[in-house]
Amino acid sequence: MLANEMIVAKIRSAFLPLRCVAETWDCGHKLRFRVFDNNNMGIVRMSKVVLNTIRDEGQLDQILQQVRLRIQDKGFALN
C-alpha cells in the first residue's frame with residue numbers, strides 16, 4: 001500500500017516535463033491534481049480521487065496512464 005506522500009510524488013512526476021500540482025484534502029481521504037502547460041494553463045484536472053482506491057500501485061498506474069493518454073491526445077509530449 002502506498003502512503004499519501006508516495007502517491008502525490010508519483011503523480012507529480014508522471015506528467016513531466018509539464019507541471020503538476022497534487023494535494024490531499026478531506027482530512028487525507030481524497031486527492032486532487034491538475035496538470036498545466038508551459039503557459040500555466042490547465043490541461044487536465046482530477047478533483048475527487050478517493051485515496052483508498054489508488055493505494056495499490058497498479059490501480060494508481062491505471063489512472064495515471066488514462067490521464068497521460070488524455071494529455072497526449074491534446075498534443076502534448078510527456079517523458
Side-chain angles (χ1 to χ4, degrees):
M1 293 194 86
L2 298 172
N4 290 359
E5 297 80 19
M6 293 171 67
I7 293 170
V8 168
K10 187 164 183 166
I11 290 171
R12 287 180 179 157
S13 66
F15 305 105
L16 294 173
L18 301 174
R19 184 172 70 93
C20 176
V21 175
E23 62 183 356
T24 60
W25 61 286
D26 193 20
C27 298
H29 295 289
K30 294 181 183 168
L31 170 99
R32 59 183 160 219
F33 66 91
R34 192 164 184 186
V35 180
F36 298 89
D37 68 10
N38 294 332
N39 296 318
N40 212 29
M41 298 295 294
I43 300 170
V44 69
R45 176 188 341 186
M46 297 288 290
S47 58
K48 295 181 183 178
V49 179
V50 177
L51 279 165
N52 283 339
T53 64
I54 59 171
R55 290 212 186 274
D56 175 72
E57 195 160 358
Q59 293 170 322
L60 177 58
D61 288 342
Q62 276 186 323
I63 289 177
L64 293 177
Q65 185 61 29
Q66 291 171 1
V67 177
R68 286 176 58 88
L69 287 173
R70 286 175 50 194
I71 291 171
Q72 290 169 331
D73 286 345
K74 293 181 180 189
F76 295 95
L78 299 174
N79 294 347

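In this chain, numbering begins with 1 at the start of the sequence shown.
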*For atom CG of N40, is the number of surrounding heavy atoms from other residues, nucleotides or ligands below 6.0 Å larger than 12?*
yes

_More than 12 heavy atoms of other residues, nucleotides or ligands under 6.0 Å from CE of M1: yes or no?_
yes

Min side-chain heavy-atom separation [X]-[Y] under 4.5 Å:
X	Y	value
F15	L64	yes
D61	K10	yes
R55	N4	yes

Spatial distance of atom [atom1] ([X]) from atom [atom2] ([Y]) [nearest 0.5 Å]:
X	Y	atom1	atom2	answer
I54	K30	CD1	NZ	13.0 Å
S47	R32	OG	CZ	8.0 Å
I11	L31	CD1	CG	4.5 Å
R34	R19	CZ	CZ	9.5 Å

Where [X] and [Y] come nearest, the two heavy atoms and their spacing:
X	Y	result
V8	A22	CG1-O, 3.8 Å
F36	I43	C-CD1, 3.7 Å
P17	A77	CD-O, 3.6 Å
L2	E57	CD1-CA, 3.9 Å
T53	V50	OG1-O, 2.5 Å

*salt bridge (Lys or Arg N to Asp or Glu O under 4.0 Å) partners for D37, two or more places apart*: none

*Taking a hydrophobic cluster as the set of Ile, Leu, Val, Met, Phe, Trp and Tyr residues connected by side-chain heavy atoms closer than 4.5 Å, whether directly or through intermediates, do L60 and M6 fall within one such cluster?*
yes

*Treat each ILVMFWY residue as a node, draw an edge where side-chain heavy atoms are under 4.5 Å apart, and state whether L78 and M46 are in one component.*
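Same cluster.
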
